[in-house]
Amino acid sequence: MQILFDQGAPAPLRQFLSHHTISTAYERGGSTLKNGELLQAAEGAGFTVFATTDNLKYQHNLGARRIAIVVLSTTSWPRIRLVTEQVAQVIDGGRLPGATPK
């Protein structure tokens, strides 16, 4: 799967998802885009998962989105590092549109 991390998603998380193609908004030149614009750009580029720390359900109409959105509870890498297995399971476990179970 192709995964896009927004500005808040800690880059070290990518090492726990190494079997996926991961990019950051910064790497793709989208660090100045607002979430709605970034989601649209990510869908247009063929990403299947958008990892963010923003709770988008209150900010955007997500019903028509084709991209799966994984909301991380914090930007803190030390805290996310403790739950990397659970994050990987959510992404890999087939609970996302387009995900293939192992």
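Computed over heavy atoms, backbone and side chain alike; hydrogens, waters and symmetry mates excluded.
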**Request:** Flag yes if more than 12 heavy atoms outside Glu85 fall under 6.0 Å of its CD atom; otherwise flag no.
**Result:** no
Could you report the tightest heavy-atom contact between [X] and [Y], atom names first, then the distance?
| X | Y | answer |
| --- | --- | --- |
| Ile22 | Glu27 | O-OE1, 4.3 Å |
| Ala42 | Ile67 | CB-CD1, 3.8 Å |
| Ala51 | Ala9 | O-CB, 3.8 Å |
| Arg66 | Glu43 | N-OE2, 2.6 Å |
| Ala45 | Arg28 | CB-NH2, 3.4 Å |

If I take atom [atom1] from residue [X] and atom [atom2] from residue [Y], how far apart are they, to the nearest 0.5 angstrom?
| X | Y | atom1 | atom2 | answer |
| --- | --- | --- | --- | --- |
| Ile3 | Leu13 | CD1 | CG | 8.0 Å |
| Phe47 | Leu39 | CZ | CG | 12.0 Å |
| Asp6 | Thr75 | CG | OG1 | 10.0 Å |
| Thr84 | Trp77 | OG1 | CH2 | 6.0 Å |
| Thr24 | Gln7 | OG1 | CD | 7.0 Å |

**Request:** Establish whether Tyr26 and Val49 are linked, either directly or via other cluster members, by ILVMFWY side-chain heavy-atom contacts under 4.5 Å.
**Result:** no
**Item:** With Gln2 via side chain to side chain donor-acceptor pair (under 3.5 Å) - residues at least two apart
**Value:** none
Taking C-beta and beyond as the side chain, do [X] and [Y] meet within less than 4.5 Å on heavy atoms?
| X | Y | result |
| --- | --- | --- |
| His20 | Thr48 | no |
| Pro10 | Leu72 | yes |
| Leu4 | Leu38 | yes |
| His19 | Asp92 | yes |
| Met1 | Leu17 | no |

